Amino acid sequence: MSVLRSRFVQAVVILVGAFLALRFGIRPPAPWSVIQIYMAVVFLAVLIFVSSDTDSWRSFVNPMRAALVDPSQRPVRIVLAVALPILLGYYAYTQAAARPQAPAELRAVHPAPPGSIQFRGKEINIAGVDNPLRKDVATFKRNVAAGGEIYVRSCMFCHGDNLDGHGLFASALNPPPANFEDPGTIAMLQESYLFWRIAKGGPGLPRESTPWNSAMPAWEDRLTEEQIWQVIAYLYDATGQEPRRWETAH
Amino acid sequence: MRAIVLVGALASAVFLFASASPAGAQAGDAQAGRAVYERKCALCHGEKGDGKGPGADLLDPRPRDFTTGIYKIRTTVNKTPTDRDLFDVITRGMPGTFMPAWDVLPEKDRWNLVAYLKAFAADKFKEAPKKQELPKEVASSPESIRRGKEMYEAIECNKCHGAEGRADGPSRPELKDEWGHPIRPANLTKRWTFRGGGGRAEIAMRLTTGVLGTPMPSFIDSVEKPDDIWHLANYLASLGPESPHYATLLTAEAVNGDIPADPVAEFWKRMAPQNIPLVGQVTIDPRNFNPSIDMVALRAAWNDKEVAFHVTWDDPTQSGADAAKKASPDVVSLQFPQKVAEGADRPYFLMGGDADAVYLLRWENGKGATEASANGPTRIVPLAGGEVTGQAAYANGQYRLVLKRPLVSKGPDRPTFQPAVFLPIAFQAWDGGAGETGAKMSLTSWYYLRLEEPQSSRRFVVPPVVAILTFAAMLLVVRVANRRA
């Protein structure tokens, strides 16, 4: 297999193989920008590989030089002279005719919570607080059921019966309603964090979380302190998630 | 006592149907289904299956009352649905309603639910389901669609669904379901909200079996020939797309010359609509859990002087303000920040807040186009001396509206529209005929609008230049290489 022994062919095979592996071997597909960076690294590595000694470098460069000067390679030259300008011209067209995309919304999804909040004129601690309803095991189930009733009358419209953020009203909202089944939401938050988010809603978010975009109402206007703790208990019970614990003091 | 009755009912149901399951269906375990039901379904459908769960009274259409054994979506001649029918409804949900697709549940759970649902009305399931066969399928074609339209009028679909299918027929106000609740006819131009699915075969099946518990009857005996069911289905499928393809970025097209003020002008028809979903306002009172207007379609254009917005939306009733009848007008409004701020800051999406006002381009039936500034839904202040003009047309359950404004604003209360800038935009709509007014509306959160710069000729100039330069560079390389060789 003399063809495969040529450094040029080897370099091409490595580059093509690396591209195919990056483009089709990764699930979910990697973004183009990432593939570009990886391909640049592979290309550099290939250059180092082919230039490791003089023979190797010659074996790499010779086919290219032959394509440029060798009289017998004239057809290759003609094909390249037609194909390369067309390819680059097409690329230039896709760039010049591209339509702009909506700018990315940079937004802190889970901003740092305040130490305490004012809830209907009462100060409620957020830091270090767990759901007070969990203390009474006997009534906890009843509180979960009450939370379910609150959920279906208040939250379900956007967050959905499945608690997956796909309520009927979700389609018009950006940012989309939180998906409680996702391990990246309530499972990584303390219960009092949820209390803050439910009580103060979108308008209570800090600036870096774009409070003007969020359609989450401030539920302190409609729900009592106990009702909010009930609906929090329901969220964890219905999804089977565990609330994050506060780190114990050192 | 109740438990004993239930267990008895379950036992008889399981006994009756375990043997009669059609192909593909699995016999479910009603007792196992009960556990799933109580966790996933009871909050709306009620623990007793009577459709009176804690969330039920806010929903329209209301959750199904399983104790009646009446099911909308079936593929049977008689009133008994097959297990597969029930399974499919659970799996796909009821599009356009708060019943979601439960395909997140394991298939086994869904078959168990089917068994449990049947136990709520075991006597209704004593009669075995008789499969409805459809006439031989007729492919869609212009002739078939024409024939379907004839049938549509002949069998009086338009009485409820309206002349063009937008649910605006004259019988609309009188329609009641089996339980006496008012019911809205389907908007036939929005197939993605069809409860039993928007495919041609599914439509043909609904036409054949009817929709039980609603005023929609079976039409298989009303049409002239059985084939007409397919012609009708083909016609209905031609009324609108199967999916709304909601837009994410809204654009206004650059045009040379005048932009027509007439909303029915040909100019607007050749522009593709950008569909935007609207949902009920449920943040402040009065909340709107069952909004009437669920979508607007935007077309927009601008020239060197002005920007024009063409808005299309379906509203089954044309209503204006009438103090004597306490009637509210139909209104639509486009919302922008008063100033285009640096960075991401913008006013609160729900018509602004105390400190940050929004600018509204409003159109009201009977009053026309106005400009306003708002600090929330209840604090709307008209802006004087505006230059906004509006022209609307209403026909067959649909509004079409053109709002025009000069690009450059006249004062600090109004934004200036600049090309190639991402401008926040949001929408609100009120169906006065459905009692929507004030905070009771449907709305969107912020979108981006961009006035596209004219498609420059750059895209035709740059590529040939690149190609020629590449060719020249190659010639040079070959030259140099030959000289060296």
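Nothing here was measured: the structure is a model prediction, and the numbers come from that model. Throughout, a chain's letter reflects where its sequence line sits, starting with A, and its residues are numbered from 1.
- Contact annotation for A:D221: neither backbone nor side-chain heavy atoms come within less than 4.5 Å of a heavy atom of chain B.
- Counting heavy-atom pairs closer than 4.5 Å to chain B, the top residue among A:G160, A:G167, A:A96, A:A81 is A:A81.
- Side-chain contact of B:R346 with A:N213: a donor-acceptor pair under 3.5 Å is present, judged by distance alone.
- A:S56 and A:R7 are linked by a side-chain donor-acceptor pair at a separation below 3.5 angstrom, with hydrogens and angles left out of the test.
- Only the backbone of A:S214 comes within less than 4.5 Å of a heavy atom in chain B; its side chain stays farther off.
- Only the side chain of A:R222 comes within less than 4.5 Å of a heavy atom in chain B; its backbone stays farther off.
- The contact between B:F289 and chain A is made by backbone and side chain atoms together, counting heavy-atom distances below 4.5 Å.
- Between A:F169 and B:F98, a ring centre-to-centre spacing shorter than 6.0 Å is recorded.
- A:D53 contributes a side-chain N or O that, together with a main-chain N or O of A:D55, makes up a donor-acceptor pair within less than 3.5 Å.
- Contact check on B:R184 versus B:D60 returns a salt bridge, with a Lys/Arg side-chain nitrogen under 4.0 Å from an Asp/Glu carboxylate oxygen.
- In this structure, the portion of B:L59 lying under 4.5 Å from any heavy atom of chain A is its side chain and not its backbone.
- Between A:R120 and A:E225 there is no salt bridge, since none of the side-chain N atoms of the basic residue sits less than 4.0 Å from a carboxylate O of the acidic one.
- Under the 3.5 Å distance criterion, the side-chain polar atoms of B:T444 are matched with a main-chain donor or acceptor of B:F427.
- Residues of residues 57-75 of chain A lying under 4.5 angstrom from chain B, judged on non-hydrogen atoms, are A:L68, A:V69 in numerical order.
- Ranked by heavy-atom pairs under 4.5 Å with chain B, the list A:F157, A:Y151, A:Y91 is led by A:F157.
- In this structure, no portion of B:D294 lies under 4.5 Å from any heavy atom of chain A.
- In this structure, the side chain of B:S442 engages the main chain of B:I293 through a donor-acceptor pair within 3.5 Å.
- Contact of A:L80 with chain B is made through backbone and side chain together, with heavy-atom distances under 4.5 Å.
- Annotation: maximal heavy-atom pairing with chain A below 4.5 Å, among B:G55, B:S445, B:A420, occurs at B:S445.
- B:V279 touches chain A through backbone and side chain together, each having a heavy atom under 4.5 Å away.
- In terms of non-hydrogen atom pairs under 4.5 Å with chain B, the most contact-rich of A:A92, A:A218, A:P203, A:A172 is A:A172.
- In this structure, CG on A:L223 lies 5.5 Å from OG on A:S154, to the nearest 0.5 angstrom.
- Heavy-atom pairs under 4.5 Å with chain B were tallied for A:L163, A:I86, A:D161; the largest tally goes to A:D161.
- Neither the backbone nor the side chain of A:P175 comes within less than 4.5 Å of any heavy atom in chain B.
- Between chain A and the options B:M295, B:E452, B:M99, B:Q281, the largest number of non-hydrogen pairs under 4.5 Å is found for B:E452.
- Counting heavy-atom pairs closer than 4.5 Å to chain B, the top residue among A:N174, A:L173, A:N162 is A:N162.
- Taking the six-membered ring for Trp and thresholds of 30 and 60 degrees, A:F119 and A:F195 have ring planes inclined between 30 and 60 degrees apart.
- The aromatic rings of B:Y37 and B:H45 lie tilted to each other, with the angle between the two planes from 30° to 60°.
- Of the atoms belonging to B:R479, not a single heavy atom falls under 4.5 Å from chain A.
- For the residue pair A:N143 / A:Q230, a side-chain donor-acceptor distance below 3.5 Å is found, with atom types taken as modelled.
- In this structure, B:R450 is positioned above the aromatic face of B:F422, its NZ or CZ under 6.0 Å from the six-membered ring centre and within 45° of the axis.
- Of the two parts of B:L350, neither the backbone nor the side chain holds a non-hydrogen atom closer than 4.5 Å to a non-hydrogen atom of chain A.
- B:R110 contributes no side-chain N or O that, together with a main-chain N or O of B:T91, makes up a donor-acceptor pair within less than 3.5 Å.
- Of the residues B:F336, B:W446, B:F349, the one that meets the side-chain contact (heavy atoms from CB on, under 4.5 Å) test with B:P424 is B:W446.
- Between chain B and the residues A:E181, A:M156, A:H166, the most heavy-atom pairs under 4.5 angstrom are made by A:M156.
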